[in-house]
Every structure is written in structure tokens, then in C-alpha cells.
Amino acid sequence: MATPHHGGYALYVLPGLVISGIGQGLNFPSMTSAALAGVQPERHAVAGAVNVVAQQIGASVGVAVMVLVAATSDDRLTGYHLAYLVAGIACALGAVSIAVVRRAPGVEQSPETPTSATRSPATRSPETQTVMTAQPED
């Protein structure tokens with residue numbers, strides 16, 4: 001779809017923003033779950049922080065690349081089209097690489113990194129047990 005120079009917001013911009021919002025809404029929860037999978041519960045805060053920082057850096061680099069690509073054209077609209085084309089190609093390559101590298105469903109975790117659901121209270125770290133059993137003082 002080509003955007004005319006005097007195209008309206010509702011017809012040419014809003015649909016892309018809605019699709020982007022839906023895609024991000026579907027992506028971020030699964031990305032956060034993947035970042036926390038296999039991480040010990042006492043390390044979830046660090047893993048979550050690394051995940052958020054990676055998202056922020058990725059977004060910053062992505063915008064910088066799109067601005068760089070858009071600036072290569074003398075016509076601003078053509079530059080925007082080219083930038084979005086490059087972004088679409090990058091997304092497609094990312095999806096293909098994830099599909100190729102992804103583990104098969106039903107593969108069990110290694111015994112070295114049990115999930116919190118499979119760990120008994122006796123195997124949790126003393127710090128976690130203290131936090132979970134501490135009672136407020138009167």
C-alpha cells in the first residue's frame with residue numbers, strides 16, 4: 001500500500017499503529033516468560049531487569065537504523081517507505097531465526113536448572129526460605 005503525500009491519518013497511519021500495538025501486546029508477555037524460564041526465583045528481578053534493558057536497547061537501535069535508512073532518500077515519504085520495508089524484512093528474518101532455533105515442545109528441562117514449581121521447599125536456598133517464613137515482629 002502506497003501512502004500519498006496528503007494521505008489521512010485514519011486511513012494510512014492508524015491501521016499500522018493498531019497492528020503494531022497488537023503485535024507488541026502478544027510479544028512482550030511471551031518474551032518476559034522466556035527470559036524468566038529456568039531462572040531461580042531469587043534471581044527473577046535481575047533476569048527481568050536484563051529483559052527490559054534488552055527491549056529498550058533493541059528499540060533504540062531499531063529506531064536509529066530506521067532513521068538512518070529513511071535519511072538515505074531525498075524524498076521524505078520514499079525514505080519512510082524504505083525504512084518500513086527494512087524493518088519488515090528484519091522482523092521476518094527474526095521470525096525465521098526463532099522458528100529454526102526454537103526447541104521442540106515437550107522437551108524437559110535439564111536437572112541442573114529445576115523450575116520453582118518442581119523444587120521442594122527443602123531444596124530452596126536459605127535466603128528464600130527466610131523471606132518466605134519470616135513473620136512480622138510486634
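Basis for what follows: all heavy atoms, side chains included, without hydrogens, waters or symmetry-related copies. Since we're looking at a predicted model, the values are computed, not measured.
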**Student:** With a cutoff of under 4.5 Å between side-chain heavy atoms, which Ile, Leu, Val, Met, Phe, Trp and Tyr residues group with L17?
**Tutor:** Y9, V13, L14, V18, I22, L26

**Student:** Linking Ile, Leu, Val, Met, Phe, Trp and Tyr by side-chain heavy atoms under 4.5 Å, what else ends up with L77?
**Tutor:** none

**Student:** For V61, what residues pass the side chain to side chain contact (heavy atoms under 4.5 Å, CB included) criterion, not counting sequence neighbours?
**Tutor:** I57, V65

**Student:** Looking only at non-hydrogen atoms, find the nearest pair between A47 and A35 and report the distance.
**Tutor:** CB-O, 4.0 Å

**Student:** Show me the pairs that pass side chain to side chain donor-acceptor pair (under 3.5 Å) and involve residues 66-76, at least two apart or across chains.
**Tutor:** D75-T78

**Student:** Between OG1 of T32 and CG of N27, what distance do you get to the nearest 0.5 Å?
**Tutor:** 8.5 Å

**Student:** Which value, rounded to the nearest 0.5 Å, describes the distance between Q56 atom CD and N51 atom CG?
**Tutor:** 10.5 Å

**Student:** Would you mind listing the cluster partners of F28? Hydrophobic ones only (ILVMFWY), side-chain contacts under 4.5 Å, chaining allowed.
**Tutor:** M31

**Student:** Could you list who else is in M66's hydrophobic cluster, with ILVMFWY side chains joined at under 4.5 Å, directly or through other members?
**Tutor:** Y84

**Student:** Can you name the closest pair of heavy atoms from G48 and L36 and give their distance?
**Tutor:** N-CD2, 3.8 Å

